[in-house]
Number of protein chains: 2
Amino acid sequence: MQLGKGVEWTTHICTMLALLREGQGLSVDALAEFFEVPSAYLSKQMQLLRRAGIVESVRGKGGGYRLARSVDEITLLDIVIAIEGPMLAFRCTEIRQNGPCGLKRKDCKRPCEIASAFAVAEQTYRDALAAKTLASIMQEAAANSTPEHMLDIANWVSEQVS
Amino acid sequence: MQLGKGVEWTTHICTMLALLREGQGLSVDALAEFFEVPSAYLSKQMQLLRRAGIVESVRGKGGGYRLARSVDEITLLDIVIAIEGPMLAFRCTEIRQNGPCGLKRKDCKRPCEIASAFAVAEQTYRDALAAKTLASIMQEAAANSTPEHMLDIANWVSEQVS
DNA sequence: TTTTATCCGGATATTAAATGTCCGATTAAG
DNA sequence: CTTAATCGGACATTTAATATCCGGATAAAA
């Protein structure tokens, strides 16, 4: 049970995009270089974010990606669902309907107790992710970082958005 | 982010093993037939449960699997960890240390805010699974099932433990 | 208008993980 | 000794994750 690398990558990237001013954008190549991740593959992950409405893209020279809404309207759950899809981690294949004592389908309108228990647990997970906004992450990051490092990043950003 | 089929299979199987009396056991072949899952692969999953101390095995003729402890001492988390391993779903590859503004390793003793947030969320998931014992699942299952179906299963079990 | 930089989407390739099978060794009952 | 069962390792297959490439669209700048 593993989340794809895209979740880690794009979450960090969202914190970068949050530093941009109105009208600015960062290209996939710049972001890939910043984090040393493969550019072409990162491009695919960014497209997933775009289709989810988390970021928006500007095509053509000088284009790039930027956030599509404010940092307090983007949660970790939004990102996970954008990258991983909406399916639950627990896959119920209804094996209670199999074998010599298998139940009839009509008697299986409600999920079994096992599937229900996993669904409840996953909901707590999602609730926790939904409660964590990009805004709160950036606030914590700022509190734990040094002024020098934040300045480094600000300088790199301004070099990119030429 | 998907849990393996072994989690669903072995959880259902634990509820079957819970029906056995002292000294009885069920063979992998019997369990595989009961749920219509591939016997050889199920055998692998059962070995994982065994190494985790959830079930115990009896080799040789007449042998099989049975629970290694009582149903209120076996949780869904025990089963998930036995099958999937102890790793967290979110893999932090420390990309904050990469690229032109990468942090030095010595400045990364604490996990970053993103990794922390995912760790907190996963802990709520695990807490929920740890709170769900096999005992509570069987109680719910009994409440939602019919006497006929429970009798069907009891009869099948007694045929197997010859 | 041409060049350049960028996203977009599809196709493809590569790698890793999940799933599934097989077999020889071991163990215990009859 | 034969039979039935787990154990563990090796292997095979299938699927998912990761990664690359390219042609097309778009827009800015030269």
Side-chain angles (χ1 to χ4, degrees), chain A residues 1-10 13 17 20 23-33 35-52 54-66 68 80 83-85 87 89-91 93 95 159-162, chain B residues 1-10 13 17 20 23-33 35-52 54-66 68 80 82-85 87 89-91 93 95 160-162:
Chain A
M1 183 181 55
Q2 301 268 284
L3 291 166
K5 297 183 183 180
V7 173
E8 182 194 19
W9 299 353
T10 59
I13 281 171
L17 299 183
L20 297 175
Q24 293 181 327
L26 284 172
S27 73
V28 168
D29 281 349
L31 291 165
E33 199 185 340
F35 287 114
E36 289 185 63
V37 296
S39 170
Y41 187 43
L42 175 60
S43 172
K44 292 276 184 270
Q45 314 290 322
M46 293 305 294
Q47 286 176 39
L48 294 176
L49 284 197
R50 184 183 67 81
R51 285 178 209 145
I54 296 169
V55 300
E56 57 193 15
S57 62
V58 177
R59 293 169 73 155
K61 190 169 182 176
Y65 282 98
R66 60 180 171 226
V80 168
I83 301 293
E84 299 284 325
M87 288 128 46
F90 180 84
R91 291 173 287 172
T93 63
I95 61 175
E159 284 171 22
Q160 305 304 317
V161 293
S162 58
Chain B
M1 183 181 57
Q2 301 266 283
L3 291 166
K5 297 183 182 178
V7 173
E8 183 195 18
W9 297 355
T10 59
I13 281 172
L17 299 183
L20 296 175
Q24 293 180 327
L26 283 172
S27 73
V28 169
D29 281 350
L31 291 165
E33 198 185 341
F35 287 114
E36 288 185 62
V37 296
S39 169
Y41 188 42
L42 175 60
S43 173
K44 291 276 183 272
Q45 313 291 323
M46 293 306 293
Q47 286 175 39
L48 294 176
L49 285 197
R50 178 183 149 275
R51 284 177 209 144
I54 296 170
V55 301
E56 57 192 16
S57 62
V58 177
R59 292 171 73 156
K61 190 169 182 177
Y65 281 98
R66 60 181 170 226
V80 169
I83 301 293
E84 299 284 324
M87 288 127 46
F90 179 85
R91 290 173 289 173
T93 63
I95 61 174
Q160 304 305 316
V161 293
S162 57

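Since the model is a prediction, treat every value here as computed from it, not as a measurement. Just so we're on the same page: letters track the sequence lines, and every chain starts at 1. Computed over heavy atoms, backbone and side chain alike; hydrogens, waters and symmetry mates excluded.
Among the atoms of the strands shown, none is found under 4.0 Å from any heavy atom of Gly6(B).
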Identify all pairs in which a protein N or O lies below 3.5 Å from an N or O of nucleotides 21-23 of chain D, and state each distance.
none

I'd like a list of close polar pairs between nucleotides 15-18 of chain C and the protein, N/O only, cut-off under 3.5 Å.
none

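We find that CG of Leu48(B) is positioned 12 Å from P of dT19(C), with the value rounded to whole Å. Atoms CG (Asp29(B)) and P (dT6(D)) sit 7 Å apart, rounded to a whole Å. We find that OH of Tyr65(A) is positioned 15 Å from P of dT26(D), with the value rounded to whole Å. Regarding Gln45(A), its CD atom lies at a distance of 12 Å from the P atom of dT20(D), rounded to whole Å. For Ile83(A) and dA19(D), the CD1 to P distance is 14 Å, given to the nearest whole Å. Computed from coordinates, the Arg50(A) CZ to dT26(D) C1' distance equals 13 Å when rounded to whole Å. Atom P of nucleotide dA5(D) and atom CZ of Arg66(B) are separated by 15 Å, given to the nearest angstrom.
For the salt bridge (charged side-chain N to carboxylate O under 4.0 Å, His left out) test, residues two or more places apart in sequence or in another chain that qualify with Arg66(B) are Glu56(B). Under the side-chain contact (heavy atoms from CB on, under 4.5 Å) criterion, Ala30(A) pairs with Ser27(A), Trp156(A), Gln160(A), sequence neighbours left out. Residues satisfying the side-chain contact (heavy atoms from CB on, under 4.5 Å) test with Ala32(B), not counting sequence neighbours, are Val37(B), Ser39(B), Leu42(B). Scanning for side-chain hydrogen bond (donor to acceptor under 3.5 Å, both in side chains) contacts around Gln2(B) gives Arg91(A), with sequence neighbours left out. Remark: Ala52(B) pairs with Ile54(B), Ala82(B) by the side-chain contact (heavy atoms from CB on, under 4.5 Å) rule, at least two apart or across chains. Gln45(B) pairs by the side-chain hydrogen bond (donor to acceptor under 3.5 Å, both in side chains) definition with Tyr41(B), not counting sequence neighbours. Partners of Gln47(A) by side-chain contact (heavy atoms from CB on, under 4.5 Å), not counting sequence neighbours, listed by chain and number: Ser43(A), Arg51(A), Tyr65(A).
Scanning residues 55-63 of chain B for heavy-atom distances under 4.0 Å to DNA chain D yields Ser57(B), Val58(B), Arg59(B), Gly60(B), Lys61(B), Gly63(B).
Residues Met1(B) and Val7(A) have side chains not in contact (no heavy-atom distance under 4.5 Å, counting atoms from C-beta outward).
Without hydrogens or angle criteria, Gln24(A) side chain to Val161(A) main chain gives no donor-acceptor distance under 3.5 Å. Within the 3.5 Å criterion, the main-chain N or O of Phe90(B) finds no donor-acceptor partner in the side chain of Glu8(A).
With a 6.0 Å radius and a threshold of 12 heavy atoms from other residues, nucleotides or ligands, Glu33(B) has its CD atom at or below the threshold.
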